[in-house]
Structures are given as structure tokens and as C-alpha cells.
Amino acid sequence: MDSARSLLVVATLGVVASFILGVAIFKVRHVGLKVALGLLALLTLIPAALVMTAMFSEWTDARLLAYRTFYENIQPGMTREEVLHLAARLYPEDGPRKRPRVIIDEADHLTFFMHPEQQDEPNCEGIMLDMKEGRVIGKSYSPD
């Protein structure tokens, strides 16, 4: 079993255990036991939270969040200049994020790579734009 699948199994078991403990809270009558079961249910959710944070790092990594926002704001029909202006607006020179690097700038393609800034990973998130007559006709996102 690969490590990603193992992590998902651990997370799933944590959620199932938390659900069972939640049901048990309503079955017992003693307040102290209810509190203990509630705390244990919360503790069993920690592995699931850690796995979700690792698998969906864009939820917590400001670099990825900004880059995804850039991708989402690129719309078909935008001109090359509008895309570059969007990048400049979302990534100002004095802002907290460094502007994505243009890797390919050709008549029919415009490709950006996320700037890794001071971190090692992820470092190859890509936005590939298909262009025709200077306008975006398609876009794709390539995760690291």
C-alpha cells in the first residue's frame, strides 16, 4: 500500500471512530463520560485534519492560494496584455507574493510557473494558456 493510501486509511478510521464516539455520547447518561467521549472524538479527528492539510495544501499555503486565484481569474477571451496586467495586479512589486515566472511566451502559448519564493516545495505549479490571435482560448493547471 502506498503512503498516500495509508494516510487516507488512517484519516478515514479517525473520522469513523469520531462518528462512533459521537453516537456513544448520546447513548450514555453520565456527564463526565459524555465529556470524556467528546474529547476523545475530537482527538480522533486530528489525523484526518492533518491528512487533509497535507493533501490540500492550497488551503493553508498562501502562495498556492494566490496562484490558484490568478488561475481562476484568467478567462477565455482575455488578451495577453490583460493576463499580464492581471498578474501585475495580483502580484504587485511590493506585495507579499512574488510574481509567477513566464516560461513560454509564444503566439499560441503563454505558460507561467509559480515562483517558489523561499520554499522548496511545491516549485513547479504551472498555468498553461492556449492563445489564438492574442486571446486566451483555453487554460490548464498543472499541479507540482
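Just so you know, residue 1 is the first one in the sequence shown, and it goes up from there.
In E133, the CD atom is not crowded: 12 or fewer heavy atoms of neighbouring residues, nucleotides or ligands sit closer than 6.0 Å.
A heavy-atom distance below 4.5 Å is found between the side chains of E125 and Y141. You'll find the side chain of L43 stays beyond 4.5 Å of the side chain of L39, heavy atoms only. Looking at L37 and L33, their side chains come closer than 4.5 Å, going by heavy atoms from C-beta outward.
Across all non-hydrogen atoms, the minimal contact from L84 to F112 is CD2-CZ, 4.0 Å. Closest non-hydrogen pair, R135 versus T79, comes out as NH1-CG2, 3.2 Å. Closest approach of S18 to A41, counting heavy atoms only: OG-O, 3.1 Å.
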Please test L129 against H109 for side-chain contact (heavy atoms from CB on, under 4.5 Å), starting from the C-alpha separation and ending with a verdict. CA-CA 6 Å; L129 304 177; H109 294 289; over 6 Å; no
Using the side-chain contact (heavy atoms from CB on, under 4.5 Å) rule, take V15 and L45 through it: C-alpha gap first, then chi angles, then the decisive distance, then the call. CA-CA 6 Å; V15 170; L45 287 177; 4.2 Å; yes
side-chain contact (heavy atoms from CB on, under 4.5 Å), that's the test. Do L64 and M114 meet it? Break it down for me. CA-CA 8 Å; L64 287 171; M114 181 179 72; 3.9 Å; yes
Go through the steps to decide whether D105 and R80 satisfy the test side-chain contact (heavy atoms from CB on, under 4.5 Å), and finish with yes or no. CA-CA 10 Å; D105 189 355; R80 178 180 308 276; 2.7 Å; yes
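The distance from the CG atom of L42 to the CG atom of L40 is 9.0 Å, given to the nearest 0.5 Å. Between the CZ atom in R68 and the CZ atom in R63 there is a gap of 12.5 Å [rounded to 0.5 Å]. Atom CZ of F113 and atom OG of S142 lie 7.0 Å apart (nearest 0.5 Å). Atoms CG and CE, from D108 and M131 in turn, are 9.5 Å apart once rounded to the nearest 0.5 Å. For the atom pair E72 CD and K139 NZ, the distance stands at 6.0 Å (nearest 0.5 Å). The CG atom of L86 sits 5.5 Å away from the CG atom of N73 when rounded to the nearest 0.5 Å.
When hydrophobic clusters are built by joining Ile, Leu, Val, Met, Phe, Trp and Tyr residues whose side-chain heavy atoms come closer than 4.5 Å, directly or via intermediates, V102 is grouped together with L90. Under a hydrophobic-cluster definition in which Ile, Leu, Val, Met, Phe, Trp and Tyr are linked whenever side-chain heavy atoms come within less than 4.5 Å, directly or via other members, L21 and V35 are assigned to different clusters.
Y91 places a side-chain N or O within donor-acceptor distance of the main-chain N or O of Y67, the cut-off being under 3.5 Å.
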